[in-house]
Amino acid sequence: MPELPEVEVVRAGLERHVVGARLTTVDVLHPRPVRRDPRGPAGFAAALTGRRVEAARRRGKYFWLPLDSGDALLGHLGMSGQMLVQPVGAADERNLRVRFGLDRGGELRFVDQRMFGGLLVSAGGAELPPEIAHIARDPIDPEFDDELFVARVRRRTAGVKRLLLDQGLISGVGNIYADEALWRAQIHGDRPGDRLRRGQVVELLGHVRAVLGEALVQGGTSFDALYVNVNGESGYFDRSLAAYGQEGEPCPRCGTPIRRVAFMNRSSFFCPRCQPAPRIPRRV
DNA sequence: ACTACGTCCTGCTTGC
DNA sequence: TGCAAGCAGGACGTAG
């Protein structure tokens, strides 16, 4: 379940292993991962073949490779996507979807079991692909505007967890790190944004940064074997999660069993004592 | 502009 | 033992 730290690990791996290489061949083995490319699979391959990769960039959970054509290869890992660099002749992964031959030897491979992720060629997208122009900067970005974020959160009536997951407000935060940051801030995810004090939002943002930063240092967190970094090594299996996935386990702060509730077709984990539900609960 | 909800996918786990 | 339901969940489209 790659969130910002995992995608950053992938971006760094691509920077190290792919930047400077030319894509000699492109094989789309399944159409779904290129569904968002208006050219279709053949056009996707044609737009990439022979191009040289000039950089590896990221915003939130998206990454892109600017090309010498001025276009960019834009990608999202979804839930289970991986970008692997493998030697030529290495056995195909079970869910190998797209294969790129590299002029320096080796292959870049997009592997994705559940296929929520995907790749596309962004026309003129080297600097910032227009397809992701609506995605906010992430909190690790030096140009992230803290004051703007705080002001926008405090104007919204939606629950603060929804707001943390709103990539147009703040990018890179997914279900796992949202729950962890809320636990640290001792704020219930259903608390409406406009009912939070300024200082609470500032503190919450600080916790979001801390959680992401710690995961970044550890090379990204992984919770199943699906997530593998660009070198094919499984990510760090984090045992330091206080809330996420800890249903029934004692809260590390007060000992109360962590609770799990349904939330937007997924789960939320929180401490019912440290993170009391708002008095006027909103429907989920 | 904002909110809420359904949909897309596969494979592992759970329950009868 | 076998099968089906449950579950994981980010982003997007749509309706209100």
Side-chain angles (χ1 to χ4, degrees), chain A residues 1-8 10 29-38 58-64 74-83 92-98 110-120 122 129-136 138 148-149 151-180 189-195 212 220-228 234-235 237-238 241 243-248 260-269 278 280-284:
Chain A
M1 310 157 203
E3 301 184 25
L4 183 156
E6 292 79 10
V7 180
E8 174 55 24
V10 168
L29 305 175
H30 195 298
R32 181 164 171 81
V34 298
R35 65 194 177 281
R36 287 184 63 195
D37 194 308
R58 183 188 57 75
R59 175 174 284 198
K61 303 170 196 171
Y62 283 93
F63 62 89
W64 71 97
L74 174 65
H76 194 292
L77 299 175
M79 285 183 60
S80 54
Q82 309 165 31
M83 291 292 272
D92 286 4
E93 290 76 9
R94 177 174 171 76
N95 299 299
L96 177 60
R97 308 304 186 190
V98 184
F110 180 70
V111 177
D112 190 3
Q113 179 207 114
R114 292 172 224 182
M115 294 191 288
F116 275 37
L119 302 174
L120 64 85
S122 173
E131 292 85 355
I132 60 168
H134 63 291
I135 302 291
D138 61 62
L148 178 63
F149 173 75
R152 292 178 73 185
V153 166
R154 298 189 69 220
R155 282 199 298 265
R156 301 272 295 262
T157 59
V160 64
K161 180 168 175 180
R162 280 178 191 276
L163 301 179
L164 286 178
L165 298 178
D166 183 341
Q167 304 297 300
L169 265 184
I170 181 171
S171 67
V173 182
N175 204 34
I176 297 166
Y177 297 121
D179 278 1
E180 290 301 303
D190 287 343
R191 291 278 300 280
D194 63 2
R195 306 266 288 268
L212 294 177
T221 304
S222 176
F223 299 92
D224 57 41
L226 293 174
Y227 173 73
V228 181
S234 283
F237 195 102
D238 194 348
L241 293 174
Y244 184 84
Q246 307 300 309
E247 183 181 20
R260 168 184 160 179
V261 297
F263 171 80
M264 292 170 75
N265 291 327
R266 60 203 73 175
S267 296
S268 283
F269 298 88
I280 305 168
R282 56 185 47 252
R283 278 197 50 199
V284 179

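Just so it is clear, the structure is predicted and the values come from calculations on it, not from any experiment. Letters A, B, ... mirror the listed sequences (proteins, then strands); counts begin at 1.
With a 4.5 Å cut-off on side-chain heavy atoms, A:R266 and A:N175 count as touching. Looking at heavy atoms from C-beta onward, A:I176 lies in side-chain contact with A:E3 at the 4.5 angstrom threshold. Considering only heavy atoms from C-beta on, A:E180 comes within 4.5 Å of A:L241 through its side chain. Within the 4.5 Å cutoff, the side chain of A:V153 has heavy atoms near those of the A:L163 side chain. Residues A:L77 and A:V10 have side chains in contact (heavy-atom distance under 4.5 Å, counting atoms from C-beta outward). By the 4.5 Å heavy-atom criterion applied to side chains, A:S80 and A:F116 are not counted as neighbours. Proximity of A:D166 to A:R156: side-chain heavy atoms (C-beta onward) are separated by under 4.5 Å at one or more points. For the pair A:L119 and A:D37, the minimum side-chain heavy-atom distance is 4.5 Å or more.
Taking atom CZ on A:R152 and atom P on B:dA1, their separation rounds to 10 Å, with Å as the unit. Nucleotide B:dT3 holds its P atom 13 Å from the CG atom of A:L165, rounded to whole Å. Rounded to an integer number of Å, the gap from A:L120 CG to C:dA11 C1' is 13 Å. In this structure, CG of A:L119 is placed 15 Å from P of C:dA11, rounded to the nearest angstrom. If you take CZ of A:R162 and P of B:dT3, they are 9 Å apart, rounded to a whole angstrom. As a whole-Å value, the separation of A:H30 NE2 from B:dT10 P is 6 Å. Between A:F263 atom CZ and C:dC7 atom P there is a gap of 17 Å when expressed in whole angstrom units. The CD1-C1' distance, from A:I176 to C:dC7, rounds to 14 Å in whole Å.
Side-chain N/O atoms of A:H76 include none lying less than 4.0 angstrom from OP1 or OP2 on C:dG10. Phosphate proximity of B:dT3 to A:T157: present, with a side-chain N or O under 4.0 Å from OP1 or OP2.
Taking the side-chain contact (heavy atoms from CB on, under 4.5 Å) definition, one finds that A:R36 meets it with A:Y62, A:L120, A:E131, sequence neighbours left out. Evaluation of the salt bridge (charged side-chain N to carboxylate O under 4.0 Å, His left out) rule for A:K161 yields A:D179 as partners, not counting sequence neighbours. Evaluation of the side-chain contact (heavy atoms from CB on, under 4.5 Å) rule for A:R58 yields A:L4, A:V7, A:E8, A:R11, A:D138 as partners, not counting sequence neighbours.
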Sort me out a list of protein N/O and nucleotides 6-8 of chain B N/O pairs below 3.5 Å, or just none if empty.
{"unit_1": "B:dC8", "atom_1": "O3'", "unit_2": "A:R32", "atom_2": "NH1", "d": "2.9"}
{"unit_1": "B:dC8", "atom_1": "O3'", "unit_2": "A:R32", "atom_2": "NH2", "d": "3.1"}

Interface polar pairs with nucleotides 11-15 of chain B, N/O, under 3.5 angstrom:
{"unit_1": "B:dG11", "atom_1": "OP1", "unit_2": "A:R94", "atom_2": "NE", "d": "3.4"}
{"unit_1": "B:dG11", "atom_1": "OP1", "unit_2": "A:R94", "atom_2": "NH2", "d": "3.4"}
{"unit_1": "B:dG11", "atom_1": "OP1", "unit_2": "A:N95", "atom_2": "OD1", "d": "3.4"}
{"unit_1": "B:dG11", "atom_1": "O4'", "unit_2": "A:Q113", "atom_2": "OE1", "d": "3.2"}

Distances under 3.5 Å only, N/O to N/O: pair up the protein atoms with those of nucleotides 12-15 of chain C.
{"unit_1": "C:dC12", "atom_1": "OP1", "unit_2": "A:R36", "atom_2": "NH1", "d": "3.3"}
{"unit_1": "C:dC12", "atom_1": "OP1", "unit_2": "A:R36", "atom_2": "NH2", "d": "3.1"}
{"unit_1": "C:dC12", "atom_1": "OP1", "unit_2": "A:Y62", "atom_2": "OH", "d": "2.9"}
{"unit_1": "C:dC12", "atom_1": "OP2", "unit_2": "A:H134", "atom_2": "NE2", "d": "3.2"}

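Mapped onto DNA chain B by nearest heavy atom, A:L163 and A:M115 fall at different nucleotides, with A:L163 at the one closer to the 5' end.
A distance-only check finds no donor-acceptor pair linking the side chain of A:E247 to the backbone of A:F269 [under 3.5 Å].
Contact annotation for A:R260: backbone-only contact, meaning every heavy-atom pair under 4.0 Å involves sugar-phosphate atoms and none involves a base.
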